[in-house]
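These notes are about the structure you will find just below.
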Amino acid sequence: MLADPRVVRVTGDQTAGVHRRTEDGDAEDRPGDYRREPVREAYCWSNLTSGNGARALWLLLLPFMVANLAHWMRPPAPGRTRTVRAYGVLVRLVALSLTVVLIAAACEVALDLVAWQCAGTGSCADNRPWLGFMSAGHDGWWSQPGRRLALAALLPAALTGLLWYLSNRTWSAYESQPPLGLPVEETDPESGEGPALRLPGFWYGRRLVARLRAAHTAAGFLTVASAVAAPAARYDHAPGGSAALDVFSWVLAAVLVVVELMVLYVVCSRGRSESRLDEHLDRLTVTALPSAALGSLALSMLYAGWSRPDWSSAGRQLPGDQTFGLIVLVQGALVTGIAVCALLLHRANRTPRTPLFGLGGAAVAMFACALGALLTGGVTQRMADWLDGPAVPGAGPMPGPPVILSWQAAAVPVLVLLLLLLAAVFAVRVWRVRARLIRTVPDGYPGERPDGVRTRRIAGTIARAGLTDDVPAIVGPLALFALVLGAGAVAGAWATDEVPGRACDDTNAVLDGAAQTAQALGSWLVGLAFLTFVAWGRRAYRNPSARRTIGILWDVGTFWPRAAHPFAPPCYAERAVPDLTWRMRTWTQRTGGRLVISGHSQGSVLAAAAVWQLDRKTRRQVALLTYGSPLERLYGRWFPAYFGPGPLLALHGEVRCWRNLWRYTDPIGGPIRLPDEAGPEVDRGALKDPLAYGRTAEHPLPAAILGHGDYQADPVFEQERAGLLARLPDGAGHRLPAQGSAGRSSG
């Protein structure tokens with residue numbers, strides 16, 4: 001960014017900081033040397049998203065991150081406070097269900113497949129020496145089913161503890177650090193009196209994340225406790241069971257229900273507090289709720305481990321079908337509720353260019369649930385194949401995983417087929433747009449000799465870049481089909497109690513063959529998806545280049561604070577936005593100079609967020625230069641309550657001046673699209689790309705099509721930056737001009 005290998009860090013640390021060229025390190029002490037050129041600074045935050053190899057493991061938290069995004073995608077709603085609160089509660093409940101799904105999958109593997117089925121089946125346990133001490137055929141102390149379940153419960157309990165530890169560690173590094181106390185105007189986004197990102201507590205989620213972490217940790221422990229206690233209670237309720245244990249099972253069930261209701265209350269009772277700094281921590285909730293759940297788990301393990309000599313697990317499953325089926329139905333109902341709230345909000349305040357009639361958050365919440373089901377099915381089915389051998393679940397001596405997971409897997413090929421059909425439709429659309437552009441591209445290079453190959457390449461790049469605006473037409477149908485297929489999977493599993501291949505044995509040959517193919521193909525696709533996640537994460541852990549590629553995903557996904565899921569990857573903007581805000585404010589106070597903050601791609605989003613956090617006086621000393629910016633094209637459309645026309649128009653009116661550069665060939669950046677009556681124009685006309693059509697003295701080879709990158713290589717960049725500096729008034733101090741760059745994304 002600084003075009004110089006010799007740099008010095010001005011502020012920050014190795015994780016994120018502001019850098020200058022070495023020769024500019026003491027520029028404030030030599031203002032006379034910088035009368036004709038700006039002092040360039042670059043803010044680099046890539047280590048927040050891709051610097052540490054452990055970041056690669058965040059891929060397994062992808063469903064949590066996607067659920068968190070759904071919280072921020074609601075339509076703007078001035079005056080609709082109750083509907084906004086209902087929307088937030090429903091999203092948080094979806095996030096809670098994803099935690100339950102993850103821990104339930106771990107319970108399915110450890111308790112059902114390993115401890116209950118394999119250890120209870122002689123042929124399976126005999127082939128695995130590490131299970132010998134638990135084998136039902138050895139008649140040892142651990143051979144009783146309840147004791148095997150209690151021992152196996154340590155694995156999902158440890159997974160819950162690990163998630164708590166990771167969340168607590170990142171919370172200590174991000175959310176628990178108070179803001180710098182910059183004086184900002186109090187605004188109320190729901191009354192339409194200012195952008196939400198300006199609120200003093202927006203980048204400070206200490207209290208909410210702590211409460212949600214306690215609730216999700218407790219939910220994880222309660223899921224394990226229920227999985228351990230339910231089989232023992234079912235045995236004790238049957239004729240011939242112990243009366244004392246039967247009574248204890250009902251008491252334990254009441255305890256679990258009470259703690260579960262406490263979890264739901266904590267998740268539903270309080271959302272984010274942004275209009276003020278909420279520094280009070282609910283220590284009783286944060287400490288007592290996970291402790292109560294952990295105590296319930298200990299009681300459940302003690303209860304399940306009580307001696308029951310006549311209890312056998314051979315040839316049976318744990319009641320997983322009902323559990324996973326109920327989770328799917330609850331998730332479907334919650335997503336439907338989110339959709340209803342979003343429609344009500346959108347109808348009350350229709351925002352131009354909002355995709356899917358405001359249903360983007362509901363669609364993304366549905367994708368979070370689908371990702372959770374994909375990872376759950378991948379883990380359980382691959383583990384069942386490894387233990388049982390045959391490719392068809394339930395064909396061997398073990399009953400196999402819950403039937404509903406096979407039905408969900410059979411739905412995956414249907415979704416893949418739909419995706420391929422949509423891809424074909426959009427491929428045809430790109431071809432038509434490209435054919436139309438081929439006739440107009442040469443008009444942008446008058447006097448040049450036409451070149452068919454060159455023209456087709458430019459036209460194809462522009463046509464493909466335009467697909468970004470058509471993403472809603474893909475996301476909407478896929479989310480709807482995922483919702484319908486999820487309900488169909490539950491209905492099929494509960495109606496037949498058989499995997500799809502066996503359920504269709506008595507039907508015609510075509511339907512039977514389709515069911516067999518969908519089941520087998522879906523099983524492998526689900527397993528392949530999980531293995532791809534693991535392989536991708538392993539490669540990123542070892543390879544910094546691959547880690548930077550994944551960092552682009554985190555640039556967008558972890559920009560937003562953790563408002564719905566505390567186990568999601570942490571929000572890097574809670575460090576980056578205060579960094580930039582502090583630097584701009586202290587530099588302008590020290591020097592009284594002019595400042596242009598420029599941002600490329602995700603950097604433009606950070607720049608806008610940081611400018612919003614400035615006080616009014618400092619904002620009037622700052623100009624904004626954005627290029628390749630997704631502020632309107634992605635954030636404005638998908639997050640309209642925070643980057644819609646209203647907030648962007650307010651930003652334009654609060655900074656001294658703002659210019660935005662974009663290209664037709666850019667698949668990410670685009671114009672800001674402020675209304676004509678907004679005042680001074682923000683968008684410059686689309687930049688020429690490539691800069692030259694054919695060979696020139698400056699370009700002996702055809703100039704590269706730059707697309708989303710290298711905006712600073714265009715001469716227009718220097719012109720616009722100089723123009724912004726000229727429009728800023730001279731400061732009262734050293735009158736030292738400067739350009740502060742918000743940098744660019746990890747890619």
Side-chain angles (χ1 to χ4, degrees), residues 69-91 94 187-199 202 271-272 274 334-367 466-480 483 556 560 563-564 605 608-609 612 629-654 660 662 670-679 681-683:
L69 284 178
H71 172 88
W72 302 103
M73 299 178 76
R74 67 165 177 83
R80 303 297 295 268
T81 305
R82 291 185 178 179
T83 309
V84 170
R85 288 177 179 173
Y87 182 97
V89 168
L90 291 172
V91 173
V94 167
T187 58
D188 181 6
E190 298 306 331
S191 65
E193 297 178 0
L197 273 72
R198 184 192 298 167
L199 296 174
F202 190 89
R272 285 173 57 84
E274 298 169 350
L334 292 173
V335 170
T336 303
I338 293 172
V340 171
C341 291
L343 281 175
L344 292 175
L345 295 176
H346 181 69
R347 289 183 60 185
N349 185 22
R350 297 182 185 273
T351 304
R353 287 175 53 80
T354 300
L356 302 175
F357 305 100
L359 295 176
V364 168
M366 188 66 244
F367 280 126
L467 282 177
T468 302
D469 299 318
D470 297 326
V471 168
I474 298 176
V475 171
L478 284 178
L480 179 60
L483 180 63
V556 179
W560 298 97
V605 183
W612 264 319
S629 172
L631 271 171
E632 193 281 335
R633 193 178 190 184
L634 296 180
Y635 281 81
R637 298 185 68 196
W638 292 97
F639 305 96
Y642 304 94
F643 287 97
L648 292 181
L649 186 61
L651 177 64
H652 173 50
E654 292 162 356
N660 179 65
W662 61 285
I672 302 300
R673 302 178 188 272
L674 293 182
D676 295 336
E677 63 273 13
E681 187 177 5
V682 171
D683 289 317

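Remember, predicted model here, so these are calculated numbers, not experimental data. Side-chain atoms are counted along with the backbone in the values below, which use heavy atoms only and exclude waters and symmetry mates. Sequential numbering from 1 along the given sequence is applied to the chain's residues.
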Closest non-hydrogen atom pair between His71 and Tyr87, with its separation: O-CE2, 3.7 Å

Geometric class of the Trp612/Phe643 ring pair [parallel <30°, tilted 30-60°, perpendicular >60°]: tilted

Min side-chain heavy-atom separation Asn349-Pro75 under 4.5 Å: no

Greater than 12 external heavy atoms within 6.0 Å of Arg85's CZ: no

Pro472 side chain near Trp638 side chain, heavy-atom distance below 4.5 Å: yes

Taking every non-hydrogen atom, the tightest pair across Ala362 and Val335: O-CG1, 3.6 Å

Working for side-chain contact (heavy atoms from CB on, under 4.5 Å), residues Leu478 and Phe367: CA-CA 9 Å; Leu478 284 178; Phe367 280 126; 3.7 Å; yes

Gap separating the CG atom of Leu648 from the CG atom of Leu674, nearest 0.5 angstrom: 6.5 Å

CG-CZ distance between Leu344 and Arg74, expressed to the nearest 0.5 angstrom: 13.5 Å

Contact summary for Gly337 and Leu90, nearest pair of heavy atoms: C-CD1, 3.4 Å

Closest non-hydrogen atom pair between Ala70 and Gly361, with its separation: CB-O, 3.4 Å

side-chain contact (heavy atoms from CB on, under 4.5 Å) partners for Pro671, two or more places apart: Trp662, Arg673, Asp683

Distance, nearest 0.5 Å, that separates CG of Leu359 from CG of Leu345: 10.5 Å

By side-chain contact (heavy atoms from CB on, under 4.5 Å) - contacts of Thr336 (at least two apart): Leu483

Pairwise distance CG(Leu356) to NE2(His346) - rounded to 0.5 angstrom: 10.0 Å

Derivation and outcome, side-chain contact (heavy atoms from CB on, under 4.5 Å), residues Val94 and Val91: CA-CA 5 Å; Val94 167; Val91 173; 5.5 Å; no

By salt bridge (charged side-chain N to carboxylate O under 4.0 Å, His left out) - contacts of Arg350 (at least two apart): none

Close side-chain approach of Leu197 and Pro647, heavy atoms under 4.5 Å: no

Main-chain N/O of Arg353 paired with Arg637 side-chain donor or acceptor, under 3.5 Å: yes

Smallest separation among heavy atoms of Thr83 and Cys341, with atom names: CG2-O, 3.8 Å

Plane angle bin for Trp560 and Trp72 - parallel if under 30°, tilted between 30 and 60°, otherwise perpendicular: parallel

